[in-house]
Amino acid sequence: ITSGLLIAMTISGVSIKYILGGIGIISFLVPLTLQGPCRDLVCGVLLIAFDKIRVGELVKLYDSNVNIDGQIQDIQIFTTQLYNPLTSSIIEIPNSSLWDMSIHSITRSPNQKIKITLLVSNRNNIGMIETVIRKILNEKPEVNDIKFSWTEYDERGLKLVIAVDVNTSNEKYYKTENMLYKHLRIGLQDYGIIYADGVS
């Protein structure tokens, strides 16, 4: 078609220099312009084909800079919509960015535990911290079981990871997670536990 148009313009006496120049510029700019949308389109197809995400499931998304929680609202051609139940906001994430993230599905993990991470100062009585945490968290009826892992130690203090087995629905997971974290922080302050930043 392009060749036919160029021959017709030449026969008609129309100068084709400008048209050829325009075609050259467009052929250079179009791939650069469409590179992002094409990558989003392909990544969207791959996300669905490999069943990495599903509409309606609760997920935690991680990469080096971002930590996002929410429910997959819609998977579109170029973006995926994520609904945050705590803020009632909808976030649109490019499918290519979502493909590069670590996706942790809460919905697909029926025995999912809530993870709470604390960095406590060495000035505490470390031997009693687990007892105090158990006492504080067991005040909540949602809590079934608590497991501890002391993962790191440095000059600031000890990093404690707490896995809390809870009796809650997926829809209430984020609210329960925030409630337990807040309850634990307040309870530890009442017991005078000192955090690594010096706050008690």
Any side-chain heavy-atom pair from [X] and [Y] closer than 4.5 angstrom?
{"X": "Leu188", "Y": "Leu118", "answer": "yes"}
{"X": "Ile162", "Y": "Lys115", "answer": "no"}
{"X": "Ile114", "Y": "Leu180", "answer": "yes"}
{"X": "Glu142", "Y": "Lys172", "answer": "no"}
{"X": "Thr87", "Y": "Asn84", "answer": "yes"}

Table please: side-chain donor-acceptor pairs of residues 96-104 below 3.5 Å, with sequence neighbours left out.
from: Ser96; atom 1: OG; to: Asp40; atom 2: OD1; distance (Å): 2.5
from: Asp100; atom 1: OD2; to: Arg39; atom 2: NH2; distance (Å): 3.4
from: His104; atom 1: NE2; to: Gln112; atom 2: OE1; distance (Å): 3.1

Under the side-chain contact (heavy atoms from CB on, under 4.5 Å) rule, collect the residues that match up with [X], sequence neighbours excluded.
{"X": "Thr131", "result": "none"}
{"X": "Asn138", "result": "Arg134, Val143, Ile146"}
{"X": "Gln81", "result": "Gln73, Asp74, Gln76, Ile90, Glu92"}
{"X": "Glu130", "result": "Phe148, Trp150"}

Note to self: Using side-chain contact (heavy atoms from CB on, under 4.5 Å), reason through Ile53 and Ile75 one step at a time and then give a plain yes or no.
What the structure shows: CA-CA 9 Å; Ile53 55 172; Ile75 305 169; 3.8 Å; yes
Checklist line | Euclidean distance, Ile91 CD1 relative to Thr79 OG1, rounded to 0.5 Å | finding: 12.5 Å
Next item on the list: Please name all residues satisfying side-chain hydrogen bond (donor to acceptor under 3.5 Å, both in side chains) with Tyr191, sequence neighbours left out, ordered by chain then number.
Entry: Lys135
Item checked: Residue pairs fulfilling salt bridge (charged side-chain N to carboxylate O under 4.0 Å, His left out) with at least one residue in residues 51-60, sequence neighbours excluded -> Asp51-Arg54, Asp51-Arg108, Glu57-Arg108, Lys60-Asp69, Lys60-Glu177
Next item on the list: Any chance you could pull the hydrophobic cluster mates of Phe78, using side-chain heavy atoms under 4.5 angstrom and chaining through other members?
Entry: Leu41, Ile77
